[in-house]
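Just so you know, these numbers come straight off a predicted model, no measurement behind them. In what follows, every heavy atom counts, from backbone to side chain, and hydrogens, waters and symmetry copies are set aside. For this chain, numbers begin at 1 and follow the sequence in order.
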Amino acid sequence: MPATGGRHRLSRRTKIATAALGLGIAAGALVIATTVGDPGAASAASGGQITCPDVASRLPAIPAQAQAEVQRNLQLLDTQIAEADNRLVTTEGQGGPNFVQNAILGPLQDKRASTIDRIAIAIGRQGEKPQNLGGLAACSLGGQAGSGAASSQAPAPAPPPAQDTAAGQITCPDVESRLPEIPAQAQAEVQRNLELLDTQIAEANNRLVTSAGEGGANFVQNAILGPLEDKRVATINRIATAIGRNAEKPQGLDALAPCSR
């Protein structure tokens, strides 16, 4: 199976300080208990380090009804940093003086802003919505986290080309690393769909945990991996279409849709 890079790797993508999905209870313990929520998130990269303000430590008490959604989005924040670090490594030497800001830190901030907003909304449905979390979205290269939140989490290893997850988790090929240069007009749509690929994998991983022991021998393939592949095909096609509106449409990306356990 082609490996994914923290990816969608956006290797975006599972494209990850990669820990298994926070909702999952594996081997009797929350998989993410030791990763999500550490003060600060920093990932190691060649020639630099992307550092982001910690979000988990700035949250109020999380209502029980919001725990699952909040944990899922905290995990996604880690994934986004790992993907950006992977991008930093694989694009070293490319572009001009503003390449890192425009192609890596800027898109990372946009993704973090959306994810942090979902966290605030999830909490706000059951309690008082936390305010001013948007200031935690900005990251930087070189150890100075944006918006004044100090980063102290130990650097995470740069993700391999495959989605790195706990044993028994779902692994998908990286899409972002297989894309050509993305036209400026398509950046937002492509980033949105790369993030959706990560979300789809997280949901499938959660389903894998919550349905453990259900069905027969083909349950995982028929009920989880098959539907995941269908969703990935549609999302990958939207990415290719978005690029194709302003440049040559990339071909053969559908081969990246199937995932494995």
Side-chain angles (χ1 to χ4, degrees), residues 2-19 35-36 38-55 74-116 136-147 149-165 172-184 186-188 190-198 201 239 243 250 256:
T4 58
R7 76 106 226 210
H8 298 328
R9 330 200 123 338
L10 298 188
S11 330
R12 267 155 29 76
R13 43 178 116 226
T14 299
K15 332 175 77 321
I16 324 203
T18 58
T35 57
V36 173
D38 284 348
S43 300
S46 174
Q49 181 179 36
I50 291 178
T51 308
C52 303
D54 176 48
V55 174
L74 286 172
Q75 172 68 18
L76 182 56
L77 289 172
D78 285 336
T79 298
Q80 291 163 352
I81 295 171
E83 293 165 350
D85 256 343
N86 185 54
R87 174 79 167 144
L88 187 65
V89 172
T90 59
T91 61
E92 187 174 5
Q94 295 184 14
N98 296 320
F99 177 81
V100 171
Q101 179 60 47
N102 296 337
I104 300 178
L105 294 180
L108 175 60
Q109 180 174 348
D110 292 342
K111 289 188 289 181
R112 281 175 58 84
S114 296
T115 304
I116 291 169
L136 305 177
C139 301
S140 66
L141 180 65
Q144 298 299 319
S147 305
S151 172
S152 60
Q153 179 176 318
Q163 168 71 18
D164 194 6
T165 53
C172 301
D174 175 45
V175 173
E176 184 182 25
S177 65
R178 300 287 297 276
L179 298 179
E181 183 174 354
I182 301 170
Q187 283 280 354
V190 170
Q191 291 289 354
R192 210 165 37 240
N193 281 289
L194 284 172
E195 183 169 344
L196 180 56
L197 289 171
D198 285 335
I201 296 170
I239 290 172
I243 294 172
L256 305 177

For Pro180, check side chain to side chain contact (heavy atoms under 4.5 Å, CB included) against everything at least two apart and list the hits.
Ile243, Pro250

Looking only at heavy atoms, what is the nearest atom pair of Ala84 and Ile104, with distance?
O-CG2, 3.8 Å

To the nearest 0.5 angstrom, please state how far the CG atom of Leu256 sits from the CD atom of Glu176.
12.5 Å

Atom CD1 of Ile81 and atom CD1 of Ile50: how far apart are they, to the nearest 0.5 Å?
8.5 Å

Quick check against the 3.5 Å criterion: does Arg112 have a side-chain atom that pairs as donor or acceptor with the backbone of Leu136?
yes

Indicate the atoms forming the closest heavy-atom contact of Leu105 with Leu141, along with that distance.
CD1-N, 4.0 Å

Hey, what do you get for SG (Cys52) to CG (Leu77), rounding to the nearest 0.5 Å?
8.5 Å

SG (Cys139) and CD (Gln49) are apart, to the nearest 0.5 Å, by 11.5 Å

Is a donor on one side and an acceptor on the other found under 3.5 Å between the side chain of Asn102 and the backbone of Asn98?
yes

Euclidean distance, Ile239 CD1 relative to Arg178 CZ, rounded to 0.5 Å
13.0 Å

Could I get the full list of side chain to side chain contact (heavy atoms under 4.5 Å, CB included) partners for Gln94, not counting sequence neighbours?
Thr91, Phe99

Residues at least two apart in sequence or cross-chain that pass side chain to side chain donor-acceptor pair (under 3.5 Å) with Thr115, listed by chain then number, are Gln80, Arg118, Glu195

